Every structure is written in C-alpha cells, then in structure tokens.
Amino acid sequence: MRKGLFFLAILLVISVITVALIVGKQEGISITVHNNLDQSLINLKIEYPNGSIIAEVAAISKMKLQLYPKYFGEGSIKLQYEAQGVEQNEMIFGYIEEGFSGKAVVTINSIKPNGQLEVLVQED
C-alpha cells in the first residue's frame with residue numbers, strides 16, 4: 001500500500017513538472033531595434049494583433065522587445081513611424097498566428113530627405 005502511494009506521489013510530481021515546463025516554454029516574439037542615427041526616434045510604434053507599443057529609441061542604441069500576442073486568429077506585426085506629416089509602415093512579420101514565435105532585427109541607418117526612415121528588417 002505504501003509503495004502504491006509513493007508511486008502515485010512520484011507520478012504526480014513528474015506530471016506537475018512536465019506541465020510547468022511545457023507552459024513555461026512560451027518564447028513569444030523577440031524584436032530588436034537598432035537605431036544607428038545620431039538622434040533619438042520618438043513615437044516609434046510596433047503594432048501587433050490586439051496591441052501596440054509606442055517606444056523611444058535613443059541615438060546610437062538598441063532596444064529589445066518581447067511580445068506575446070494572444071487571442072487572435074491571424075495577423076501581422078509592423079513598425080509605424082510618422083515624421084514631417086509622412087506616415088511610414090514597415091512590415092516586420094507579414095503573417096503570424098496564435099502560438100507563433102520568432103525573432104526579428106530592425107536596423108535604422110538613415111533618414112531620407114522626406115523624413116522617412118531607411119529601414120532594414122531581418123527575420124530569423
């Protein structure tokens with residue numbers, strides 16, 4: 001009888017640890033923004049399903065974001081920026097669905113005469 005209870009207790013502990021590892025393994029979406037300009041960027045917006053982040057990235061710096069979008073079917077993640085009355089949209093991930101995980105690096109190297117950013121997006 002004691003062996004049976006001991007076996008059940010061990011089985012319960014293993015089950016709880018397994019569930020915790022599976023649930024805790026959510027990687028989410030990692031986005032790193034490199035600002036190679038000699039000026040800060042304000043109102044840089046990362047828009048994703050059911051949310052957005054408005055950020056400021058200091059001059060010659062990088063910013064890391066970790067996103068966990070939930071409760072949506074399909075969507076995309078894009079960068080939005082507005083300067084001199086011109087709105088700019090850059091696609092970071094063109095298609096995502098719930099449970100998606102990935103990494104992207106967004107590099108901003110210069111500003112065009114019309115105020116738009118010169119942006120390079122690399123997905124991993």
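Worth saying up front: this structure is predicted, and the values here are computed from it rather than measured.
Between Pro69 and Ile29, some side-chain heavy-atom pair lies under the 4.5 Å cut-off. For the pair Leu44/Ile53, no side-chain contact is recorded, criterion being any heavy-atom separation below 4.5 Å from C-beta on. Using a 4.5 Å heavy-atom threshold, the side chains of Ile54 and Asn43 count as touching. The closest side-chain heavy-atom distance from Lys45 to Tyr81 is not below 4.5 Å. In this structure the side chain of Lys78 never reaches within 4.5 angstrom of the side chain of Ile92, judged on heavy atoms.
A donor-acceptor contact shorter than 3.5 Å links the side chain of Asn35 to the backbone of Ala58.
Residue Ile42 places its CD1 atom among 12 or fewer non-hydrogen atoms of other residues, nucleotides or ligands, all under 6.0 Å distant.
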_side chain to side chain contact (heavy atoms under 4.5 Å, CB included), that's the test. Do Val121 and Met91 meet it? Break it down for me._
CA-CA 8 Å; Val121 178; Met91 197 61 63; over 6 Å; no
*Any chance you could lay out the side chain to side chain contact (heavy atoms under 4.5 Å, CB included) test for Ile77 and Ile46, step after step, and finish with the verdict?*
CA-CA 7 Å; Ile77 298 177; Ile46 307 288; 3.9 Å; yes
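In this structure, the separation between CG on Leu65 and CD1 on Ile31 is 6.0 Å, given to the nearest 0.5 Å.
Using a 3.5 Å distance cut-off with no hydrogens or angles, the side chains of Glu82 and Gln80 do not pair a donor with an acceptor.
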Pairs under 3.5 angstrom only: tabulate donor-acceptor contacts from the side chains of residues 96-115 to other protein residues two or more places apart or in another chain.
| residue | atom | partner | partner atom | Å |
| --- | --- | --- | --- | --- |
| Glu97 | OE1 | Tyr95 | OH | 3.0 |
| Glu98 | OE1 | Tyr71 | N | 3.1 |
| Glu98 | OE1 | Phe72 | N | 3.2 |
| Glu98 | OE2 | Tyr71 | N | 3.3 |
| Asn109 | OD1 | Asn36 | ND2 | 2.8 |
| Asn114 | OD1 | Gln116 | N | 3.0 |

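Of all non-hydrogen atoms in Gln88 and Leu117, the two that sit nearest each other are OE1-N, 2.7 Å. Looking at every heavy atom in both residues, Gly94 comes nearest to Ser76 through O-CB, 3.4 Å.
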